[in-house]
Amino acid sequence: LLSRKKKSAFKRHHSDRYKRLNFSWRKPRGIDSTVRRRFKGNIRMPNIGYGNNRLNRGKTRQNLIKIRVFTEKDIENIVMMNNKVELEFPRVLGKERKTKLMKVASIYDFRVSNLPKVKPI
């Protein structure tokens with residue numbers, strides 16, 4: 001398993017105080033802002049030190065690269081990488097197309113992260 005830093009959610013300053021403020025992060029720009037000036041006891045601002053290792057970035061817990069697949073040709077293009085890659089089917093695809101892709105993926109022994117829900121007959 002990959003070792004990663006703890007991912008902390010950076011919330012917008014005073015978003016817990018006022019309903020009109022969204023929780024999504026916005027950089028404080030006020031001249032007297034205690035968060036911008038990084039006073040003790042205030043919320044932390046995101047910075048480069050919170051990033052993950054470059055070699056592990058974008059990988060799953062099983063050390064695989066996640067690739068989104070739309071067609072059978074996409075799978076055939078990455079056949080040689082089947083033990084380094086995890087496939088993901090997008091939500092846009094229909095159930096019939098997903099089951100076709102699932103059959104092709106099983107032939108080439110690919111791991112699929114979001115298997116299509118097929119009802120048993």
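Just so it is clear, the values below take in all heavy atoms, side chains as well, and ignore hydrogens, waters and symmetry mates.
- With sequence neighbours left out, the side chain to side chain donor-acceptor pair (under 3.5 Å) criterion links T34 to N42.
- Here the OG-NZ distance, from S113 to K66, works out to 4.0 Å after rounding to the nearest 0.5 Å.
- For the side-chain contact (heavy atoms from CB on, under 4.5 Å) test, residues two or more places apart in sequence or in another chain that qualify with N82 are D109, F110.
- Applying the side-chain contact (heavy atoms from CB on, under 4.5 Å) rule to M81 yields the partners I78, V85; only residues at least two apart in sequence or on another chain are considered.
- Within a 6.0 Å radius of CD in E76, other residues, nucleotides and ligands contribute more than 12 heavy atoms.
- Under the side-chain contact (heavy atoms from CB on, under 4.5 Å) criterion, S24 pairs with N22, R26, not counting sequence neighbours.
- F89 contributes atom CZ, which lies 10.5 Å from atom CZ of R97 (distance to the nearest 0.5 angstrom).
- How far CD1 of I43 is from NZ of K11: 9.5 Å, rounded to the nearest 0.5 Å.
- For K103, there are no side-chain contact (heavy atoms from CB on, under 4.5 Å) partners two or more places apart in sequence or in a different chain.
- Y18 OH to H13 NE2: the interatomic distance, rounded to the nearest 0.5 Å, is 9.0 Å.
- Residues meeting the salt bridge (charged side-chain N to carboxylate O under 4.0 Å, His left out) test with R68, sequence neighbours left out: E88.
- The main-chain N or O of N52 is found under 3.5 Å from a side-chain atom of R57 such that the two form a donor-acceptor pair.
- A 6.0 Å sphere centred on CZ of R44 holds no more than 12 heavy atoms belonging to other residues, nucleotides or ligands.
- Atom-to-atom distance recorded for L21:CG and H14:NE2 is 8.5 Å, nearest 0.5 angstrom.
- Counting only distance, with no hydrogens or angles, the side chain of D74 and the backbone of T71 share a donor-acceptor pair below 3.5 Å.
- What you find for I75 and A105 is that their closest heavy atoms are CD1-N, 4.3 Å.
- If you take CD on E86 and CG on N63, they are separated by 11.0 Å, rounding to the nearest 0.5 Å.
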